[in-house]
Enquirer: 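Once you've had a glance at the structure underneath, I'll fire off some questions.
Predicted model only: the values in this text are computed from it and were never measured. Counting from 1, the numbers follow the sequence of the chain as shown.
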Amino acid sequence: QVQLVESGGGLVQAGGSLRLSCAASGRVFRGFVMGWFRQAPGTEREFVASIEWSGGTTLFADSGEGRFTISSDNTKNTKYLQMNNLKPEDTAVYYCAAGHTATVTPLPSDYSYWGQGTQVTVSS
């Protein structure tokens with residue numbers, strides 16, 4: 001079993017930055033992939049970024065390319081989503097997820113474990 005806990009959401013002005021954290025516990029090991037998704041009211045869950053748990057290959061949605069990065073602290077089993085130059089359209093609940101899959105993937109169905117979500121609000 002894997003548990004994921006997100007933190008770091010909040011209210012920020014357009015152009016600002018936030019860093020989201022996803023702390024994992026349980027049976028997380030090499031071979032897992034971690035992903036970030038977001039969901040705004042009335043919309044479907046949207047892929048944001050994905051990284052191999054070992055910290056190798058990454059994948060970003062076009063919406064975050066050049067603005068978002070992922071980093072790791074393997075001593076804490078934690079992944080970070082750094083979001084810069086935030087826009088009002090980035091407003092959503094952000095979720096981290098983990099799945100045992102071959103490589104990075106944008107498909108929610110490839111992730112078996114999900115965190116509770118953290119709200120990100122970007123004001124104009």
Enquirer: Just wondering, more than 12 heavy atoms not from Gln13 lying within 6.0 Å of its CD?
Expert: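 Counting neighbours around CD of Gln13, 12 or fewer heavy atoms of other residues, nucleotides or ligands fall under 6.0 Å, so no.
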Enquirer: Determine whether the side chains of Arg38 and Tyr94 contain a donor N or O and an acceptor N or O closer than 3.5 Å.
Expert: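 There is such a pair (donor and acceptor under 3.5 Å, judged by atom type) between the side chains of Arg38 and Tyr94.
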Enquirer: Side chains of Lys87 and Val122: does their closest heavy-atom pair fall under 4.5 Å?
Expert: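 Lys87 does not reach Val122 side chain to side chain.
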Enquirer: Linking I/L/V/M/F/W/Y whenever their side-chain heavy atoms sit closer than 4.5 Å, directly or via other members, would Trp53 and Val48 fall into one cluster?
Expert: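 Yes, it is one cluster - the side chains of Trp53 and Val48 are joined through contacts under 4.5 Å.
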Enquirer: Find out whether Ile51 and Val33 are in side-chain contact, i.e. whether some heavy atom of one side chain is under 4.5 Å from a heavy atom of the other.
Expert: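 A side-chain contact under 4.5 Å is absent here.
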Enquirer: Mark yes or no: Arg45 above the aromatic ring of Phe37, with NZ or CZ under 6.0 Å from the six-membered ring centre and no more than 45 degrees from the axis.
Expert: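 No - Arg45 does not lie over the ring of Phe37 by the 6.0 Å and 45° rule.
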Enquirer: Which value, rounded to the nearest 0.5 Å, describes the distance between Thr121 atom OG1 and Asp90 atom CG?
Expert: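 Between Thr121 OG1 and Asp90 CG, I get 11.0 Å after rounding to 0.5 Å.
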Enquirer: Are Gln119 and Thr91 packed together at the side-chain level, in the sense that at least one heavy-atom pair is separated by less than 4.5 angstrom?
Expert: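 Sidechains of Thr91 and Gln119: in contact.
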Enquirer: In terms of hydrophobic clusters joined by side-chain contacts under 4.5 Å, are Val12 and Met83 together?
Expert: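 Yes, same cluster.
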Enquirer: Taking NZ, NE, NH1 and NH2 as the nitrogens, is one of them in Lys79 or Asp73 under 4.0 Å from a carboxylate oxygen of the other?
Expert: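 Here Lys79 does not pair with Asp73 in a salt bridge, since their nearest N and O are not under 4.0 Å apart.
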Enquirer: If every non-hydrogen atom of Ala49 is compared with every non-hydrogen atom of Ile70, which pair is closest and at what distance?
Expert: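 Between these two residues, the closest heavy atoms are CB-CD1, 3.5 Å.
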Enquirer: Using 0.5 Å steps for rounding, measure from the OH atom of Tyr113 to the SG atom of Cys96.
Expert: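 Rounded to the nearest 0.5 Å, the OH-SG separation comes to 13.5 Å.
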Enquirer: Report yes if the side chains of Leu20 and Val120 come closer than 4.5 Å at any heavy-atom pair, otherwise no.
Expert: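 Answer yes - side chains close enough.
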Enquirer: According to a 4.5 Å side-chain heavy-atom criterion applied to Ile, Leu, Val, Met, Phe, Trp and Tyr, with indirect links allowed, do Met34 and Phe47 form part of one hydrophobic cluster?
Expert: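 No.
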Enquirer: Could you measure the distance from the CD atom of Glu52 to the CG atom of Leu59? Nearest 0.5 Å is fine.
Expert: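 Between atom CD of Glu52 and atom CG of Leu59 there are 10.5 Å.
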Enquirer: For a 4.5 angstrom cut-off between non-hydrogen side-chain atoms, does Thr105 reach Tyr111?
Expert: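 In contact.
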Enquirer: Locate the shortest heavy-atom distance separating Ala14 from Pro88; write the atom from each residue and the value.
Expert: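 Here Ala14 and Pro88 meet closest at CB-CD, 4.1 Å.
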Enquirer: Using the rule given for side chain to side chain donor-acceptor pair (under 3.5 Å), can you reason through Asn84 versus Ser17, listing the C-alpha separation, both sets of side-chain angles and the distance that settles it, and then say yes or no?
Expert: CA-CA 4 Å; Asn84 299 324; Ser17 298; 2.9 Å; yes
Enquirer: Should Trp36 and Phe68 be marked as a side-chain contact (heavy atoms from CB on, under 4.5 Å) after you check the CA-CA gap, both sets of side-chain angles, and the distance that decides it?
Expert: CA-CA 11 Å; Trp36 289 96; Phe68 296 174; over 6 Å; no
Enquirer: Roughly how far apart are Tyr95 OH and Leu4 CG, rounded to 0.5 Å?
Expert: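 Separation between the atoms: 13.0 Å.
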Enquirer: Would you check, one step at a time, whether the test side chain to side chain donor-acceptor pair (under 3.5 Å) holds for Thr69 with Gln82?
Expert: CA-CA 5 Å; Thr69 58; Gln82 177 68 41; 5.9 Å; no
Enquirer: How many angstroms lie between CD in Glu6 and OG1 in Thr78, if you round to the nearest 0.5 Å?
Expert: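 If we round to the nearest 0.5 Å, Glu6:CD and Thr78:OG1 are 11.5 Å apart.
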Enquirer: Heavy atoms, side chains only, cut-off 4.5 Å: are Ser25 and Asn77 in contact?
Expert: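 The answer is no; the side chains never approach within 4.5 Å.
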Enquirer: Would you say the side chain of Val2 lies within less than 4.5 Å of the side chain of Trp114, judging by non-hydrogen atoms?
Expert: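 Of all side-chain heavy-atom pairs linking Val2 with Trp114, none is under 4.5 Å.
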Enquirer: Would you give the length of the straight line joining atom OG of Ser21 to atom CG of Leu81, rounded to the nearest 0.5 angstrom?
Expert: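 Interatomic distance, Ser21 OG to Leu81 CG, rounded to 0.5 Å: 9.5 Å.
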Enquirer: Do Glu46 and Ser63 come close enough that some side-chain heavy atom pair is under 4.5 Å?
Expert: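 Glu46 vs Ser63: side chains touch.
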